[in-house]
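The next block holds one structure in the form of structure tokens; read it before the comments.
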Amino acid sequence: MTQVPERPTVDGLEAKWSQRWEADGVYRFDRTATRDQVFSIDTPPPTVSGSLHMGHVFSYTHTDNIARYRRMAGDEVFYPMGWDDNGLPTERRVQNYFGVRCDPSLPYDENFEPPADGGDAKAVDARGELAISRRNFIELCHVLTAEDEHAFEALWRQLGLSVDWSMTYATIDERCQRIAQRAFLGNLERGEAYQIEAPSLWDVTFGTAVAQAELEDRERPGAYHRIAFHRTGSPRSRNGPLPGSTVEIETTRPELLAACVALVAHPDDERYQPLFGSTVLTPLFGVEVPVVAHKLAEPDKGTGIAMICTFGDTTDVTWWRELDLPVRAIVDRRGRISPDPPHGIEGTAGREAYERLAGRTVGGARTETVELLRGSGDLIGEPRQITHAVKFFEKGDRPLEIVSSRQWYIRNGGRDAELRDALIARGSEMTWHPPYMQGRYTNWIEGLSGDWLISRQRYFGVPIPLWYPLDDAGEPIWVQPLVPGDGALPVDPSSDVPAGYDESQRGQPGGFVGDHDVMDTWATSSLTPQIACGWSEDPDLWERTYPMDMRPQGHDIIRTWLFSTAVRSHLGHDCAPWHHCALSGWILDPDRKKMSKSKGNVVTPVDLLDTYGADAVRYWAANGRPGTDTAFDEGQMKIGRRLAIKLLNAAKFALSLTGGATPGATADAGPDGRAGPVCNALDAALLAELAGLVRAATDAFENFDYARALERSEQFFWRFTDDYVELAKGRAYGGQGEEAAADAHLTLTAALDVLLRLFAPFLPFVTEEIWSWWRDGSVHRATWPDAGEIDALVPDHPSGAFELTASVLSEVRRAKTEARRSLRVPAEKVRVGSTAVHIATLEQTRADLIDAGRIESLTFVTDDSLAHPEVDVTLAPDDA
RNA sequence: GGGCGCUUAGCUCAGCUGGCGAGAGCACCUCCCUUACAAGGAGGGGGUCGCAGGUUCGAGUCCUGCAGCGCCCACCA
């Protein structure tokens with residue numbers, strides 16, 4: 001009945017068991033379960049164009065710990081996996097790999113074959129890339145990401161994630177596109193999505209607008225340039241401006257001088273109050289601009305008066321909007337100065353100055369402007385070098401510009417206090433792990449400065465599913481978008497045709513034009529609950545899984561993924577998307593820096609899994625507290641491996657001795673005919689502690705604190721092997737008779753049985769292996785241990801017998817070790833002094849103590865004044 | 001500048017609602033092939049729990065202030 005290997009090993013368990021689990025459908029979701037029986041997990045879809053690193057292994061293991069616990073605790077776990085193949089990383093990768101470029105204006109080519117080496121020369125453009133249709137491009141994406149997905153899945157299986165692999169999705173697949181478009185059209189219909197021409201943050205490298213959530217600040221060198229503006233009517237002197245005739249401002253962006261539309265100072269700033277309402281002339285360009293007042297102007301910054309340009313930063317946009325100023329834009333979408341001067345630059349000198357800047361990059365224009373200002377004498381002193389924070393697109397490498405363009409937005413509370421408050425309130429409907437992470441969510445919402453810009457001027461992604469009618473002049477009528485029918489989704493407006501039109505009318509006056517843009521990748525990612533749970537496609541599944549129970553994710557993407565998902569659920573379903581958010585920390589390298597590819601400090605998971613085994617790697621991960629950044633530490637993996645091996649050996653010992661005497665807490669007796677109760681004091685004490693451990697581990701798991709559950713179980717386990725097994729060994733071998741052995745057998749198997757289940761969420765392979773030695777079915781479908789069942793085995797609740805006996809044994813060992821003798825050497829005399837109560841207890845475990853300590857003569861001396869037992873040991877003479 | 005987190009042995013960290021004679025693992029040192037395990041086992045040294053006050057019979061644990069580190073947000077004149 002039991003099949004315990006001679007030399008158990010942890011090697012090879014991953015391949016063996018992941019195969020079996022798949023074959024037996026151990027993790028298959030039972031979709032007949034009702035909502036209250038289901039625990040649904042909104043798994044983060046990893047970006048497949050990269051590679052998985054230890055950070056992924058870390059956080060996905062945490063989720064799996066929880067998933068496995070919930071499954072054993074009786075929940076039907078809904079645990080799908082997605083792949084994020086949407087967005088810029090994949091676009092770039094497909095582009096480089098195949099030497100192609102997406103051009104949405106091209107028609108789909110059914111017979112298209114990816115070029116082997118950059119493609120056929122005639123179709124290749126100036127950049128050496130072959131232009132293909134969006135649909136062809138997306139197909140190539142699937143070709144490329146399919147390989148990644150297989151590699152990722154293989155890694156996850158090797159790691160032992162208990163995902164239901166029959167439920168996967170890819171964020172660019174047809175179903176996800178359909179759901180993303182349908183959700184967008186829902187937002188549009190309810191008035192939550194809108195289009196507007198407005199200044200927005202623009203990445204000149206990627207040529208697209210970006211959202212507030214995708215920004216990051218980077219410290220860059222810059223310089224303050226002090227520039228003189230001339231008050232109108234003030235005469236200019238050959239020797240320089242007359243006192244009081246100029247106004248000096250400081251700027252880090254002198255190249256925007258031509259875009260200046262006003263100067264601004266704080267309304268209470270006495271220095272500039274006389275100037276409010278007057279006008280000044282911009283140097284070089286001679287444009288007359290007003291001096292205005294606004295409370296955002298800071299008197300102690302620079303000279304206290306600033307130039308407002310369209311647009312140098314987001315404050316400029318605020319001033320421009322609130323003060324109703326004109327637009328004088330000079331930076332184009334490529335980040336260059338526009339060829340033609342903006343209105344207002346009328347004079348010859350001004351036009352000549354502008355000529356010198358036109359077509360240059362922002363940086364080039366800056367140098368040139370400074371030269372011009374030097375020449376005109378309007379640069380006061382030399383530029384002062386500083387370091388300041390500049391806004392970047394998080395994936396970009398050039399500073400963002402602000403460009404006015406027509407974009408689609410989804411309301412997210414950035415411009416609407418009521419919605420903002422409602423979204424903040426949604427945060428309180430979720431339980432945050434750890435709790436303080438909610439602060440980041442609230443904090444982010446409170447700091448929003450505008451709605452969510454979702455359109456991107458890119459080619460690859462989910463298209464915005466709209467067309468626009470063209471008027472007789474061929475101009476789009478933006479306010480009357482043509483909406484596809486639901487049955488047509490997903491659509492690609494660049495190749496599909498709106499109802500009532502035919503392809504020949506594309507771009508023709510009176511015809512139509514497709515929206516060229518795609519949606520931000522977060523616009524799809526924000527719908528992972530809808531995608532995973534089958535919203536609008538599988539109402540039955542939806543009913544059983546949504547709102548979801550748990551969203552695991554990194555704390556760095558609270559402002560993007562977490563928040564945008566909350567927005568979509570709030571708008572679309574009037575609820576929070578999940579009941580629990582579990583935020584995981586980062587993996588830090590030994591220098592306490594976040595590990596990342598660019599820093600070159602990434603260790604590949606496969607190597608580590610091969611070296612230490614999945615259970616060991618998982619052990620390391622599970623030691624990371626929820627939400628806490630954790631150092632990458634191979635040492636922990638060694639310990640994890642040791643733990644797994646120890647489990648194998650302890651199990652081998654227990655089972656080979658007991659034959660698997662299963663302690664039926666209830667009626668069914670074990671093979672040797674007994675089912676408790678356990679009378680031996682040592683055994684009973686151990687089991688009582690085990691019951692306490694089960695309670696602690698269960699509590700910890702209920703609070704999503706897998707790390708604590710592991711720590712407690714591990715601590716108990718080592719005491720079990722080091723002390724209990726050593727003490728009970730002789731008795732278990734039969735040294736004190738059959739009756740006494742039976743209790744030990746029961747206790748050993750009961751403890752093993754419970755410990756295996758406690759460790760199963762962490763060490764799924766080794767626990768399954770051991771389980772299979774004497775049990776049917778998977779340990780991962782076994783019931784989570786119940787403290788009450790263990791209590792039932794020990795009617796007399798003993799106290800402290802285990803700990804007390806172990807401490808005496810420890811003293812005996814110490815004496816032997818300190819005498820530099822083997823532990824096998826007999827202790828001729830051991831005298832234990834302790835309180836009457838302790839001695840009464842020790843009397844009950846006396847025989848075990850004598851066995852384990854090889855004690856020849858054991859005497860107890862009562863001394864109630866002792867807080868801790870005193871142990872005197874006399875060893876047998878050393879023959880050597 | 002606003003908010004949050006962290007600061008306990010050389011290193012990585014536990015210490016949850018105050019009782020700890022301050023813990024674990026790693027590293028270090030010593031000893032032991034003991035029939036589950038030498039890819040083991042048994043032991044040992046090592047900390048005024050960031051600093052300063054306060055509450056309390058009692059504070060690593062609660063309160064206040066300070067310092068250092070880190071993160072999020074704001075900061076482009």
Side-chain angles (χ1 to χ4, degrees), chain A residues 4 7-10 217 220 222 224-227 249-253 256 263-265 296-298 301-309 312-316 319 386 388-391 399-400 434 436-444 446-449 555-556 558-559 585-586 588 590 592-594 612 623-625 627-636 638-639 641-642 645-657 696 699-700 703 705 707-708 711-712 714-715 718 721-722 725-726 729 733 809-810 812-825 852 854 867-868:
Chain A
V4 183
R7 287 193 58 82
T9 173
V10 294
D217 285 352
R220 283 295 146 113
Y224 279 128
H225 303 75
R226 186 173 280 238
I227 298 173
I249 61 105
E250 282 198 336
T251 180
T252 55
R253 300 204 57 183
L256 292 180
L263 298 189
V264 64
L296 280 183
E298 294 178 32
K301 249 186 185 175
T303 58
I305 186 161
M307 69 171 178
I308 302 175
C309 304
D313 64 24
T314 50
T315 317
D316 278 344
W319 280 325
I386 54 154
H388 62 160
V390 179
K391 282 195 199 313
L400 289 171
Y436 64 78
M437 289 294 181
Q438 188 182 355
R440 300 210 182 165
Y441 171 83
T442 306
N443 199 268
W444 171 252
E446 284 170 345
L448 286 173
S449 62
H555 60 65
D556 52 328
I558 289 174
R559 65 176 183 171
W586 280 332
L588 306 174
R592 310 299 301 169
K593 297 274 161 45
K594 184 186 176 187
Y612 299 106
N623 266 295
R625 249 66 199 173
T628 306
D629 294 348
T630 301
F632 174 76
D633 186 0
E634 287 193 45
Q636 288 297 311
K638 290 182 185 160
I639 299 163
R641 185 176 172 85
R642 200 179 59 152
I645 291 170
K646 190 80 173 179
L647 265 171
L648 282 175
N649 284 307
K652 176 186 148 194
F653 171 74
L655 292 176
S656 59
L657 209 56
D699 281 355
N703 290 311
D705 194 348
R708 176 188 292 270
E711 184 204 315
R712 295 303 157 92
E714 189 187 5
Q715 196 183 5
W718 286 106
T721 58
D722 293 350
V725 171
E726 292 303 322
K729 194 184 274 181
Y733 275 126
L809 175 62
S810 178
V812 176
R813 284 171 179 157
R814 190 205 316 279
K816 293 179 181 179
T817 301
E818 282 176 354
R820 309 193 161 196
R821 305 288 297 280
S822 160
L823 292 180
R824 277 169 73 188
V825 76
R854 293 178 188 254
H868 303 279

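Every chain is numbered from 1, with letters handed out A, B, ... down the list of sequences. Only this structure's heavy atoms are used, side chains among them; waters, hydrogens and symmetry mates stay out. In this text, all values refer to a predicted model and were calculated from it rather than measured experimentally.
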Could you check whether [X] gets within reach of a base, just the sugar-phosphate, or nothing at all, counting any heavy atom under 4.0 Å?
X: A/Arg641; result: base
X: A/Lys816; result: nothing
X: A/Ile227; result: nothing
X: A/Glu298; result: base
X: A/Arg625; result: sugar-phosphate

Test your reading of the model: is there a side-chain donor-acceptor pair from A/His555 to the backbone of A/Gly585, 3.5 Å cut-off?
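Answer holds: no.
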Using whole Å, what does the distance between atom [atom2] of nucleotide [N] and atom [atom1] of [X] come to?
X: A/Leu809; N: B/G41; atom1: CG; atom2: C1'; answer: 13 Å
X: A/Asp217; N: B/C73; atom1: CG; atom2: P; answer: 8 Å
X: A/Arg7; N: B/A38; atom1: CZ; atom2: C1'; answer: 10 Å

Heavy-atom contacts, protein to nucleotides 23-29 of chain B, under 4.0 Å, summarised as B (base), S (sugar-phosphate only) or - (none) per nt, yield --SS---
B/G15 and B/C6, which share atom name P, separated by this distance in whole Å:
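That atom pair is separated by 11 Å.
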Sticking with atom C1', work out how far B/G60 lies from B/U8, rounded to a whole angstrom.
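Rounded to whole Å, the distance is 7 Å.
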Any side-chain N or O of A/Thr628 less than 4.0 Å from the OP1 or OP2 oxygen of B/C6?
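No, outside the criterion.
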Side chain to side chain contact (heavy atoms under 4.5 Å, CB included) against A/Gln715, all qualifying residues, sequence neighbours excluded
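A/Arg712.
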Taking only residues two or more places apart in sequence or in another chain, which ones pass side chain to side chain contact (heavy atoms under 4.5 Å, CB included) with A/Asp699?
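Not a single residue meets the side chain to side chain contact (heavy atoms under 4.5 Å, CB included) criterion with A/Asp699.
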Could you list the protein-to-nucleotides 1-4 of chain B atom pairs, N/O on both sides, closer than 3.5 Å?
none

Counting only Watson-Crick or G-U wobble pairs whose two distances fall under 3.5 Å, which nucleotide matches B/C13?
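Partner of B/C13: B/G23.
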Is A/Lys646 salt-bridged to A/Glu714, cutoff N-O under 4.0 Å?
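So A/Lys646 does not pair with A/Glu714 through a salt bridge.
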With A/Asp705 via salt bridge (Lys or Arg N to Asp or Glu O under 4.0 Å) - residues at least two apart
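With neighbours one apart ignored, the set is A/Arg708.
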Taking only N/O atoms, report every protein-nucleotides 32-36 of chain B pair under 3.5 Å with atom names and distance.
residue : atom : partner  : partner atom : Å
B/U34   : OP1  : A/Arg824 : NH1          : 2.3
B/U34   : O5'  : A/Arg824 : NH1          : 3.1
B/A36   : OP1  : A/Lys729 : NZ           : 3.2
B/A36   : OP2  : A/Tyr733 : OH           : 2.0
B/A36   : O2'  : A/Asn649 : OD1          : 3.4
B/A36   : N6   : A/Thr721 : O            : 3.3
B/A36   : N3   : A/Asn649 : O            : 3.3
B/A36   : N3   : A/Ala650 : N            : 3.3

